[in-house]
Amino acid sequence: MRCILLASIVLGTAVVVPAAGASQVISTSSVSDLTLGVNDRGEAMLSYRSGGKSVHVLAWGAVNATAPVARGKQVAFTLEYDGGYEKYYEENPVAKAALARLRHLQRQMAQWTAAGNNPRRYALAPRIAAAYKELRGLRIAAEDYWKTFTCPAYHGPRLAWQVAACTAPDGSDWAVQEWQPDYGVDPTPKQAAWEVHLSHWTGALPVLTVHSNWAYARRYDHLFGTFTYDGTGVYGFRSTRTGEPLDSFGRNLYLDTFDSAYGAGWRRENSFLTHKYGGSFCYGFYPHGSHPAGKGTKYRAIIIGPGVTPDVMWHGNAPGPYNPWIQAISDLAILGLNDPQCKPV
């Protein structure tokens with residue numbers, strides 16, 4: 001089956017480039033025994049076990065990302081969950097030609113058999129056997145294609161949630177990461193699954209910049225910032241009312257809080273889209289609907305990279321006691337986003 005397929009001085013700011021993860025979803029269920037291999041054809045092979053079965057996923061056809069364009073389409077991998085059997089046997093021109101030759105020989109054999117011409121039949125027999133042998137060799141090669149991949153030493157930055165990473169012969173980097181983009185305060189088994197993401201890139205990673213300050217007369221912690229790639233904001237053009245992207249450019253930022261009213265340890269606070277104003281965002285840890293104020297001792301943000309670039313993670317301490325000087329500077333920084341959805345509060 002083929003599918004066409006995360007200032008600076010006083011604002012509590014962090015700019016994260018090296019912490020990253022894979023950006024195209026390969027599996028939405030937890031897997032085991034995962035390995036990654038690459039080759040000199042611009043392909044990667046992910047092998048893992050899921051539901052008691054071995055799975056081999058061939059990925060190719062995408063690197064990095066393009067800037068957001070209304071009604072455009074972001075780059076994406078082509079994925080085959082048969083380990084390349086379709087690409088290298090069913091759709092292989094060599095295999096198709098070999099099959100056509102076999103079918104032609106079989107028709108000739110039927111013709112000479114009907115005519116009772118045994119000498120011609122006997123002459124065709126070794127040619128038909130050779131055609132079968134050629135097809136069998138091509139089929140076995142396609143079935144075993146996943147075994148031909150290796151993982152050369154990775155020379156890129158250390159990645160958050162990293163499971164495997166390789167630097168391909170052409171110098172590009174591939175990586176696999178697993179994390180939980182959908183887990184909630186009390187996650188369902190499906191939400192608690194660790195998704196498998198794959199990325200392929202050259203050069204610099206996406207940049208997640210996060211500032212912290214306070215909101216509503218110092219009562220609540222507040223975060224704001226931008227998500228950019230190659231100097232351009234990362235954002236989409238269409239989404240549902242609940243914030244699910246409806247195009248290939250939109251990205252949700254997943255925000256977690258540590259030791260909060262939700263309980264000890266890391267808990268999911270919320271997720272929300274970056275804005276169409278340079279990939280900006282802002283969020284206050286005050287009560288949202290039935291959820292309490294999510295103030296914690298520290299926070300982290302995770303976002304899927306644009307295109308097939310790595311996902312990025314930021315984490316930092318809560319802003320601490322209110323400081324009017326820092327607040328005044330951060331208010332100016334919020335205004336500098338030029339985002340009507342983000343204002344000093």
Inset, instruction - Start with the C-alpha distance between Asp230 and Thr232, add both sets of side-chain angles, then the distance that settles side-chain hydrogen bond (donor to acceptor under 3.5 Å, both in side chains), and finish with yes or no. - result: CA-CA 6 Å; Asp230 196 25; Thr232 300; over 6 Å; no

Residues which pass side-chain contact (heavy atoms from CB on, under 4.5 Å) with [X], listed by chain and number, not counting sequence neighbours:
X      : result
Thr242 : Thr240
Tyr145 : Asn39, Arg41, Glu43, Met45, Leu58, Tyr88, Thr148, Phe149
Thr228 : Val207, Thr226
Asn118 : Arg121, Tyr122

Can the ring centroids of [X] and [Y] be said to lie less than 6.0 angstrom from one another?
X      : Y      : answer
Trp266 : Tyr254 : no
His197 : Trp179 : yes
Tyr283 : Phe281 : no
Tyr235 : Tyr277 : no
Trp174 : His200 : yes

Inset, instruction - Flag the pair Arg101 and Glu134 as a salt bridge only when some basic side-chain nitrogen lies within less than 4.0 angstrom of an acidic carboxylate oxygen. - result: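 Looking at Arg101 and Glu134, the cut-off is met.
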
Legend entry - Between Asn252 and Ser271, a side-chain donor and acceptor under 3.5 Å: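 There is no such pair (donor and acceptor under 3.5 Å, judged by atom type) between the side chains of Asn252 and Ser271.
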
Legend entry - Between Thr202 and Asn64, a side-chain donor and acceptor under 3.5 Å: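 There is such a pair between these side chains.
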
Treating Ile, Leu, Val, Met, Phe, Trp and Tyr as nodes and any side-chain heavy-atom pair under 4.5 angstrom as an edge, say whether [X] and [Y] lie in one connected cluster.
X      : Y      : result
Tyr81  : Tyr89  : no
Leu34  : Val38  : yes
Tyr154 : Leu205 : yes
Tyr299 : Val345 : no

Which atom pair, heavy atoms only, marks the closest approach of [X] to [Y]?
X      : Y      : result
Phe77  : Ser199 : CZ-C, 4.1 Å
Arg49  : Ser54  : NH1-OG, 2.9 Å
Leu273 : His275 : O-CD2, 3.4 Å
Ala165 : Cys151 : O-SG, 3.4 Å

Which word best sums up how the rings of [X] and [Y] line up, parallel for under 30°, tilted for 30 to 60°, or perpendicular for over 60°?
X      : Y      : result
Tyr262 : His291 : perpendicular
His56  : Trp146 : parallel
Phe224 : His211 : parallel

Inset, instruction - Return the set of residues passing salt bridge (charged side-chain N to carboxylate O under 4.0 Å, His left out) with Lys133 (not counting sequence neighbours), or none when no residue passes. - result: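 Testing Lys133 for salt bridge (charged side-chain N to carboxylate O under 4.0 Å, His left out), a comparison that skips the adjacent residues, returns none.
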
Inset, instruction - State which residues pass salt bridge (charged side-chain N to carboxylate O under 4.0 Å, His left out) with Lys295; sequence neighbours excluded, sorted by chain then number. - result: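 Listed in chain order: Asp221.
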
Legend entry - Validation row: Met313, Trp161 side chains within 4.5 angstrom (heavy atoms):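 Result yes, sub-4.5 Å side-chain heavy-atom pair found.
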
Inset, instruction - Cation-pi check, Arg300 to Trp314: give yes when NZ or CZ is under 6.0 Å from the six-membered ring centre and within 45° of the ring axis, no otherwise. - result: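 The answer is no; the distance or angle limit is not met.
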
Inset, instruction - Kindly confirm or rule out a cation-pi arrangement of Lys298 over Phe258, judged by NZ or CZ under 6.0 Å from the six-membered ring centre and within 45° of its axis? - result: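 Geometry flag: set, cation within 6.0 Å and 45°.
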
Inset, instruction - Enter the distance from Asn323:CG to Ile329:CD1 here, rounded to the nearest 0.5 Å. - result: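 One gets 8.5 Å once the value is rounded to the nearest 0.5 Å.
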
Inset, instruction - Take atom NE2 of His288 as the centre, draw a 6.0 Å sphere, and report whether it contains more than 12 heavy atoms from other residues, nucleotides or ligands. - result: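 Correct, the count exceeds 12.
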
